[in-house]
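Lettering follows sequence order; numbering is per chain, from 1.
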There are 2 protein chains.
Amino acid sequence: MSKNTNASFGEYIRQLREESNLPLRKIAAELDIDTSTLSKIEKNERNASEQIIEKLSVIFKIDKGDLKVRYLSDKITYQLLEEENGIEILKLAEQKIKYHKQQHQL
Amino acid sequence: MSKNTNASFGEYIRQLREESNLPLRKIAAELDIDTSTLSKIEKNERNASEQIIEKLSVIFKIDKGDLKVRYLSDKITYQLLEEENGIEILKLAEQKIKYHKQQHQL
DNA sequence: TTTGCTTTGACAAATATTGTCCAAAGATAA
DNA sequence: TTATCTTTGGACAATATTTGTCAAAGCAAA
C-alpha cells in the first residue's frame, strides 16, 4: 500500500480520481450510481458497498483486498474515534480474532 | 476460565450473573428491560446500549471502561470475522486512531 | 404435575440507510 | 462578464435494520 495510508477511504478515492483527471460524473456512471452519491462517498458521508469497492478496484487498477482494508479500517476508526480506550479495544479485538481463527483451524 | 478475555461480552455478563445466582428476571428489572432482551444480550443477539453497559457495571461492580472495551472489541471482532484481512484492518485502524489523536493534540 | 427460569419467534414502532433528484454553489474557460 | 461543467447539500420516498414488547414453548427441579 504505497500511498498515504492515513488518508481516509474517501480521500484516497478522490485522489485516484483526480490523478486520472476524471469527473465524478464519469466514475459514477461506471459505478452505476448517482454523481451525488459518489461525491458523498468521497467525503465519507456514504457507505461504499462491497460491489462499489470491487468496481473501484477495477477502474483504478488497484488490489481489491487493499481497498477493502482501507475502507473497513476507516469505518472502525470512525467508530472508535470518540472512545477513551480505542487502542485497547483494537488490541483485544485482535486477540479475539486470532483466537477465533485458531479455533476454526482445529 | 473466570476472567477469560476471549469470552464474548454476552458470555461474560452471563458468567457474572450466574456467579451472583440471580435470574435474568432480576437483572432485567434493574436494567429496566425485558427479560427476553437480556437473554438475547447474553447470547449476543441484541446490542447493549451505553446505558445498559453503565448499569451493568454498577450492578456487578466492575469498571465501566473495561466493560465497554469488552463490548466494543466484541462488536469489531464480529464485523471482521468473515474478512480475509481482519488483522491487517485492525493494524491500520490502530495507526489511523493514533494519527488522529496526535493531530488532535496540536 | 406445578413452579420458576430461559429461549424463541413474532410483530409493530422507531431509526437508519439507500437511491434518487434537483437546485445551488464553485470552478473554469472564453 | 457569460456560458459551461463539476461538485455539493438538502429533500424525499423506499428499504432495511434495530428496538421494545409480548406470548408461547422448552427445560429442569421438586
Decide, yes or no, whether a salt bridge links [X] with [Y] under the criterion of side-chain N to carboxylate O below 4.0 Å.
X: B:Glu54; Y: B:Lys68; result: no
X: A:Glu94; Y: A:Lys98; result: yes
X: A:Lys40; Y: A:Glu45; result: no
X: A:Lys55; Y: A:Glu50; result: no

Exercise for review: Determine, using the 4.5 Å side-chain heavy-atom cutoff (strictly less than), whether B:Leu24 and B:Val58 are members of one ILVMFWY cluster.
Suggested key: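 Unlinked, B:Leu24 and B:Val58 end up in two clusters.
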Does a nitrogen or oxygen in the side chain of [X] sit under 4.0 Å from OP1 or OP2 of [N]?
X: B:Arg25; N: C:dT7; value: no
X: A:Ser39; N: D:dT7; value: no
X: B:Arg14; N: C:dC5; value: no
X: A:Lys26; N: D:dT6; value: no

Whole angstrom is fine here: how far is it from [atom1] in [X] over to [atom2] in [N]?
X: A:Ile52; N: C:dT18; atom1: CD1; atom2: P; answer: 11 Å
X: A:Leu38; N: C:dT18; atom1: CG; atom2: P; answer: 15 Å
X: A:Glu45; N: D:dT7; atom1: CD; atom2: P; answer: 15 Å
X: A:Ile27; N: D:dT7; atom1: CD1; atom2: C1'; answer: 14 Å
X: B:Ile41; N: C:dT7; atom1: CD1; atom2: C1'; answer: 14 Å
X: B:Leu22; N: C:dT6; atom1: CG; atom2: C1'; answer: 15 Å
X: B:Asn44; N: C:dT7; atom1: CG; atom2: C1'; answer: 15 Å
X: A:Lys43; N: C:dG26; atom1: NZ; atom2: C1'; answer: 13 Å

Revision key, fill the gap. Per-nucleotide protein contact along nucleotides 12-30 of chain D, 5' to 3', at a 4.0 Å heavy-atom cut-off (B base, S sugar-phosphate only, - neither), is ------SBBBB--------
Check your understanding: Do the numbers put A:Arg70 on top of the ring of A:Tyr12, so that NZ or CZ is under 6.0 Å from the six-membered ring centre and no more than 45° off the axis?
Key -> yes
Review point. Hey, what bend do you get for the helix from C:dT1-D:dA30 to C:dA30-D:dT1 if you fit axes on five pairs at each end, rounded to 10°?
Key: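 It comes to 30° between the two terminal axes.
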**Study point:** From A:Phe60 atom CZ to A:Arg17 atom CZ, the distance as rounded to the nearest 0.5 Å
**Key:** 7.5 Å
Check your understanding: Who pairs with A:Asn47 by side chain to side chain contact (heavy atoms under 4.5 Å, CB included), at least two apart in sequence or on another chain?
Key ->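 Testing A:Asn47 for side chain to side chain contact (heavy atoms under 4.5 Å, CB included), a comparison that skips the adjacent residues, returns A:Tyr71, A:Lys75.
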Review point. Minimum heavy-atom separation for B:Leu56 to B:Ile13, with atom names?
Key: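 Looks like CD1-CD1, 3.8 Å.
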Check your understanding: Taking the side chain of B:Pro23 as heavy atoms from C-beta outward, which of D:dT8, C:dC5, C:dT7 is closest to it?
Key ->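 The closest nucleotide is C:dC5.
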